[in-house]
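The basis for the numbers below is simple: all heavy atoms, side chains too, and nothing from hydrogens, waters or symmetry mates.
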Amino acid sequence: MTTAQPSTVDQVAPVYFAGTDVGASRTKVAVIDADGHMAGYCVLRSGTDFTATADRCLTEALAMANIGKDRIGRTISTGYGRKNVSYAQDHRTEISCHGKGCFHYFPFAITIIDIGGQDNKIIKIDAKGRRTAFKMNRKCAAGTGAFLEEMSPRLDIPLSEMNGLAEASTDMVKLGSFCTVFSATEVLENIRRGKRVEDIVKGLFFSVISRITEMDAFTEKVVMTGGVVAHNPYLVEMTQELISRPILVPELPQFTGALGAALYARETFEY
């Protein structure tokens, strides 16, 4: 009597896919399974060695997913340092990957507002997931995460406390300048005049969203993503009030670019 041998399908371990988003400020890795579900993820400061940071980030994401690197069928990189990822088989633009990642969560026509560490993006996606338009702000740090990071020491408060302080504001100090340098001068002047820190911080948040909302018009459905959004949810509330419509936020708003890259890896994998 012969023993039945397991089929080839039974012997093959499930395949996973990785997306690595190397931003100027933070590096993110998303690991997904064959169904597109997030199995592991990691975010680290990009630092001065993008390649080493991407390697460490993948290692931590794999540990979270409880799988080895040999289970990754394909990796695609994106972001400012996408060409510095040693283990990626291909790379895509951050605009494409952010659109892909957001459409995965919200499969209908959307306008994406992504607030990054060094730049802002507004991406428009149609009902079939195709990008129809995009705009980026790269010429000035105003309206980005770097703007808030610069203002944090000026106010002598940790960056992590800014969201709570803005929420506690009762009389927002409206700043007149969008320029980071001039805004810093305004902040110091308001401190000298005895304005409450909470009200100044809310004014800084308002400067961020004002800078973004003047970049382009929005469609009916708006999605906000990025690390700044992940750590400062009050920015979403303020933006909703400013544009007079509800805003959608994905489960992990800092990872939409990495997720989009992983989804592209899954699409282009040859079984």
Pairwise distance CE(Met64) to SG(Cys42) - rounded to 0.5 angstrom: 9.5 Å
Heavy-atom side-chain proximity of Ile110 to Cys102 below 4.5 angstrom: yes
With sequence neighbours excluded, residues passing side-chain contact (heavy atoms from CB on, under 4.5 Å) with Ala18: Val31, Leu58, Ile72, Thr75
Within the 6.0 Å centroid threshold, strictly below: Phe103 and Tyr105: no
Exam field: side chain Thr213 to backbone Ser210, donor-acceptor pair closer than 3.5 Å: yes
Tyr87 vs Thr20, side chain to side chain donor-acceptor pair (under 3.5 Å): CA-CA, chis, key distance, verdict: CA-CA 10 Å; Tyr87 52 82; Thr20 300; 2.8 Å; yes
Note, Leu204 side chain near Met162 side chain (heavy atom, < 4.5 Å): yes
Glu270 side chain to Thr268 backbone, donor-acceptor under 3.5 Å: no
Note, Ile32 side chain near Leu263 side chain (heavy atom, < 4.5 Å): yes
Glu149 CD to Met151 CE distance, which is reported to the nearest 0.5 Å: 12.0 Å
Test side-chain contact (heavy atoms from CB on, under 4.5 Å) applied to Thr51 and Val85, step by step: CA-CA 5 Å; Thr51 300; Val85 181; over 6 Å; no
Hydrophobic cluster membership, Ile76 vs Tyr271, 4.5 Å side-chain cutoff: no
Short side-chain to backbone donor-acceptor contact, Asp35 and His37, under 3.5 Å: no
Distance in Å, Ser86 OG paired with Asp55 CG, rounded so as to fall on 0.5 Å steps: 4.0 Å
Main-chain N/O of Val173 paired to Asn190 side chain as donor or acceptor, under 3.5 Å: no
Check: Ser96 side chain, Arg92 main-chain N or O, donor-acceptor pair, under 3.5 Å: no
From Glu150 atom CD to Leu159 atom CG, the distance as rounded to the nearest 0.5 Å: 11.5 Å
Partner residues of Lys202 under the salt bridge (Lys or Arg N to Asp or Glu O under 4.0 Å) criterion, sequence neighbours left out: none
Contact summary for Arg82 and Val22, nearest pair of heavy atoms: N-CB, 4.3 Å
Student check: side-chain heavy atoms of Leu188 and Arg154 closer than 4.5 Å: yes
Expected output: side-chain Thr111 to main-chain Phe218 donor-acceptor under 3.5 Å: no
Side-chain touch Arg71/Val15, heavy atoms, less than 4.5 angstrom: no
Donor-acceptor pair, side chain of Glu186 and main chain of Leu175, under 3.5 angstrom: no
Side-chain ion pair, Glu60 and Arg56, N-O less than 4.0 Å: no
Side-chain (Lys83) to main-chain (Gly81) donor-acceptor, under 3.5 angstrom: no
Residue pair Lys121, Lys135: steps toward the side-chain contact (heavy atoms from CB on, under 4.5 Å) verdict: CA-CA 6 Å; Lys121 311 172 193 67; Lys135 290 187 178 181; over 6 Å; no
Between Asp126 and Thr132, a side-chain donor and acceptor under 3.5 Å: no
Closest contact, heavy atoms only, His231 versus Asn163: O-CB, 3.9 Å
Minimum heavy-atom distance Cys57-Thr27, with the two atoms named: SG-O, 3.4 Å
Side chains of Leu155 and Val201 in contact at under 4.5 Å (non-hydrogen atoms): yes
Atom pair CD1 (Ile95) and CD1 (Ile112), whose distance is rounded to the nearest 0.5 Å: 9.0 Å
Evaluation steps, side-chain contact (heavy atoms from CB on, under 4.5 Å), between Tyr80 and Ser25: CA-CA 9 Å; Tyr80 178 79; Ser25 176; over 6 Å; no
Same apolar cluster: Val249 and Met238, side chain cutoff 4.5 Å: yes
Lys100 charged N/C atom sitting above Tyr264 aromatic ring, 6.0 Å / 45°: yes
Ile125 and Ile123: CA distance, side-chain angles, deciding distance, side-chain contact (heavy atoms from CB on, under 4.5 Å) verdict: CA-CA 7 Å; Ile125 304 293; Ile123 309 164; 3.9 Å; yes
Any donor-acceptor pair under 3.5 Å from Thr256 side chain to Thr225 backbone: no
Single-linkage hydrophobic cluster Val29~Leu44, side-chain heavy atoms < 4.5 angstrom: no
Cluster link Val228 to Ile157, ILVMFWY, side chain under 4.5 Å: yes
Least distance between heavy atoms, Met38 atom then Leu252 atom: CE-CD1, 3.8 Å
Electrostatic pair Arg245:Glu220 at N-O distance under 4.0 angstrom: no
Minimum side-chain heavy-atom gap Gln254-Lys28 below 4.5 Å: yes
Nearest atoms (heavy-atom pairs only) where Ala34 meets Arg266: O-NH1, 3.1 Å
Which atom of Val229 lies closest to which atom of Met224, heavy atoms considered: CG2-CE, 3.9 Å
Atom pair CE/CZ of Met172 and Phe205 - distance to nearest 0.5 Å: 12.5 Å
Flag, side chain of Asn232 to backbone of Leu235, donor-acceptor distance under 3.5 Å: no
Side-chain touch Phe108/Lys221, heavy atoms, less than 4.5 angstrom: yes
